[in-house]
Amino acid sequence: MSLQLTNTFSGKKEKFVSLVPNLVRFYLCGVTVYDYCHLGHARAYVSFDMVRRYLMHRGYDVKFVQNFTDIDDKIIKRAHEAGQDYQALSKQFIEAYHEDIDRLFVLPATLYTNATDYIVQMQDMIEGLIASGHAYIAGGDVCFSVENFKEYGKLSKKVLDDLISNMRVESSDAKRSPADFVLWKAAKPDEPFWESPWGKGRPGWHIECSAMAMDALGETIDIHAGGEDLMFPHHENEIAQSESFTGKRFAKYWMHNGFVTINHEKMSKSLHNFIRIRDVLEKVDGESLRFYLLRVQYRNPLHFSEPGLKESQQSLARLREAVITHDRSETPNFPEAITHLKEKFYAAMDDDFNAAEAIGVLFEMLRVVNTTSQGAHVLYELGQVLGLFNDLDKTESVSDEIEALIEARQQARASKNFAESDRLRDELRDVHGVVLEDGAGGVRWKRVG
RNA sequence: GGCGGCGUAGCCAAGUGGUAAGGCCGAGGUCUGCAAAACCUCUACCCCCAGUUCGAAUCUGGGCGCCGCCUCCA
């Protein structure tokens, strides 16, 4: 069985073969840091974390590079509004990114790259593109000439003429073609700038990812990923400038995740309908949110709903219970069904990282584990492949008061004073949020949220 | 207008040619002092119409409804 993934470049599922055996060079487009991350970001980073973990599980060494766009118009605007230095603003939101995303059990990237640390590499690339006639100077700007890249539109399947006829041409625009995009942008007064052969300015958005991906991973990488909305123009432009510069294919596989929608609309910064990750994490723990996001195949739209999120929390708790309750040490003998289900799990993951299906398999396995008390270690291992079952051994404690109530209830129950024991059980549940379960091995307590 | 995607049970959601995974909710049951947890059982004319095929949720054509990209957005 071999690993297949949907390459949005071809629009088809393809067998995954890395350029160098056992190594995957993976570049993921990060965020522009001028605001807090929302659920759309959460989905992208959780999805590709899942992809990365599975590749690692299959034995690949994954070099995972992710950027922060820490200079751009919106950052400058926000910083200006806040009367703040743009660097302070971007730093603040980079920190916020880590705070939020870490709580979703996303592994840290092998390398995080900040756009402003790669000005030199970007300028080198721009110079090269000007020299080869792929870019031109227009006032203080440098633009990429789309018409000189014959394959423009090959990723997003757009036809250049259609694109151009759809664009409003602004008379003041110095671009030769309306589809051309800016590689270097002249600084207006009061804007941050870097010195360059073309005057004071800052890099355009697209050039950073090309420069950073190449610097960190090489001219041709294995996987380049991001949200569906980045396909055009961002990734299309990355291809155009990178391939014009090197003459080589930029990325072998392109992966794009589907949107998170809310009220049937895309959740986005510009529509102002986004829900911040940190706000959701007030209501539900990070692993539950992660689980919720993984329950829909990564390419499909995910319609966010709070009841759905609560449902995920509840069902994840069942999986966690099983792994906590049953012996997780490896045993040589376990039911045949477990082996079969493990294969089914891998088949699902091999088929374009279908975590949604794989989770279904986990629930089938759950039943076997709960009925036979065997195979919990396999369930645990597979859940961990998806980044689940974190902090299982974190021991919770209850106050002395609750401890005493539990003890009193046990005494009442032992002396068959059921009225009193039930009263105490209800009190613990309703007043203290602690639910008791009488099992063969004595009473267990559990917090309910 | 161009390009792409989606429509599966009360809700969420896999499945892309072999006769519908899984979760939540609901009903019944086993266990339990009663519960809880766990387990068992039950719940789908796969948006509509036509076609291809021995066989279609899956392929083709035509509808209807919804969404996305084409401007910054994961």
Side-chain angles (χ1 to χ4, degrees), chain A residues 8 11 13 28-32 34-35 37-48 69 72-74 77 153 156-159 161-168 178-179 205 225-234 236 256-261 264-271 274 291-292 295-297 299-303 305 307-319 321-322 325 344 348 351 354-373 413 416-419 421-422 425-426 429 435-440 443-446 448:
Chain A
T8 33
K13 275 184 198 170
L28 176 62
C29 282
V31 284
T32 301
Y34 67 92
D35 206 340
C37 289
H38 57 66
L39 290 173
H41 299 114
R43 187 179 192 200
Y45 301 113
V46 166
S47 293
F48 292 115
T69 299
D72 108 309
D73 291 355
K74 283 186 178 143
K77 185 166 171 260
S156 57
K157 316 289 182 283
K158 294 189 188 302
V159 178
D161 289 345
D162 295 344
L163 271 174
I164 291 169
S165 61
N166 263 327
M167 288 173 170
R168 272 184 322 181
W205 176 35
E228 220 173 15
D229 47 358
L230 297 183
M231 193 152 99
F232 188 89
H234 187 54
E236 194 69 60
H256 294 95
N257 68 277
F259 297 131
V260 174
T261 62
H264 273 89
E265 272 185 329
K266 177 189 170 189
M267 182 179 289
S268 76
K269 289 180 187 171
S270 41
L271 289 172
F274 58 88
F291 183 69
Y292 174 70
R295 287 187 64 188
V296 177
Q297 213 280 347
R299 283 182 293 107
N300 291 343
L302 187 157
H303 308 292
S305 82
L309 182 65
K310 288 284 179 191
E311 180 199 311
S312 286
Q313 182 181 37
Q314 203 176 325
S315 52
L316 173 64
R318 287 183 62 215
L319 290 171
E321 263 310 286
T325 315
K344 213 170 149 187
D351 184 11
N354 197 336
E357 191 179 340
I359 286 170
V361 177
L362 254 32
F363 279 101
E364 290 183 69
M365 195 177 283
L366 169 74
R367 221 176 306 140
V368 179
V369 171
N370 278 334
T371 45
T372 65
S373 291
R413 190 163 173 258
K416 303 215 187 288
N417 184 353
F418 295 123
S421 103
D422 290 353
R425 185 171 63 193
D426 290 348
R429 184 192 61 210
V435 164
L436 300 186
E437 292 174 8
D438 300 318
V443 68
R444 297 181 64 231
W445 62 266
K446 196 163 74 170
V448 289

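Just so we're on the same page: letters track the sequence lines, and every chain starts at 1. The figures that follow rest on heavy atoms only: side chains count, while hydrogens, waters and symmetry mates do not.
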Would you indicate, yes or no, if B:C69 has its OP1 or OP2 atom less than 4.0 angstrom from a side-chain nitrogen or oxygen of A:K266?
yes

Item to complete: Look at all strands and tell whether A:E364 reaches a base, only sugar-phosphate, or nothing, counting heavy atoms closer than 4.0 Å.
Response: sugar-phosphate

inquiry  = Just N and O in the side chain of A:N257: are any of them under 4.0 Å from OP1 or OP2 of B:A74?
reply    = no

Q.
In whole Å, measure the gap between the C1' atoms of B:A21 and B:C46 for me.
A. 14 Å

Short side-chain N/O contact to B:A38 OP1/OP2 from A:R318, under 4.0 Å
yes

Inset, instruction - May I ask you to say what A:V361 touches in the nucleic acid, namely base, sugar-phosphate or nothing, with a heavy-atom cut-off under 4.0 Å? - result: nothing

Between A:Y34 and A:H264, the residue closer to the 5' end of RNA chain B by nearest nucleotide is A:H264

- Task: With heavy atoms under 4.0 Å as the rule, sort A:R43 into base, sugar-phosphate or nothing.
- Result: nothing

To the nearest angstrom, the NE2-P distance between A:H256 and B:C3 comes to 20 Å

Near-parallel close stack of A:F363 and B:G23 base (under 5.5 Å, under 30°)
no

| field | C1' gap between B:G10 and B:U19, integer Å | value | 25 Å

Taken to the nearest whole Å, CZ/A:F259 to P/B:C6 is 14 Å

Report yes or no: is there a donor-acceptor pair, N or O only, under 3.5 Å between the side chain of A:R413 and the base of B:G33? yes

- A:N300 vs B:A14: side-chain N/O to OP1/OP2 distance below 4.0 Å: yes

A:L302 CG to B:G7 P, in whole Å, measures 14 Å

Sorted by chain and number, sequence neighbours left out, ring-ring contact (aromatic ring centres under 6.0 Å, His included) with A:F291 holds for none

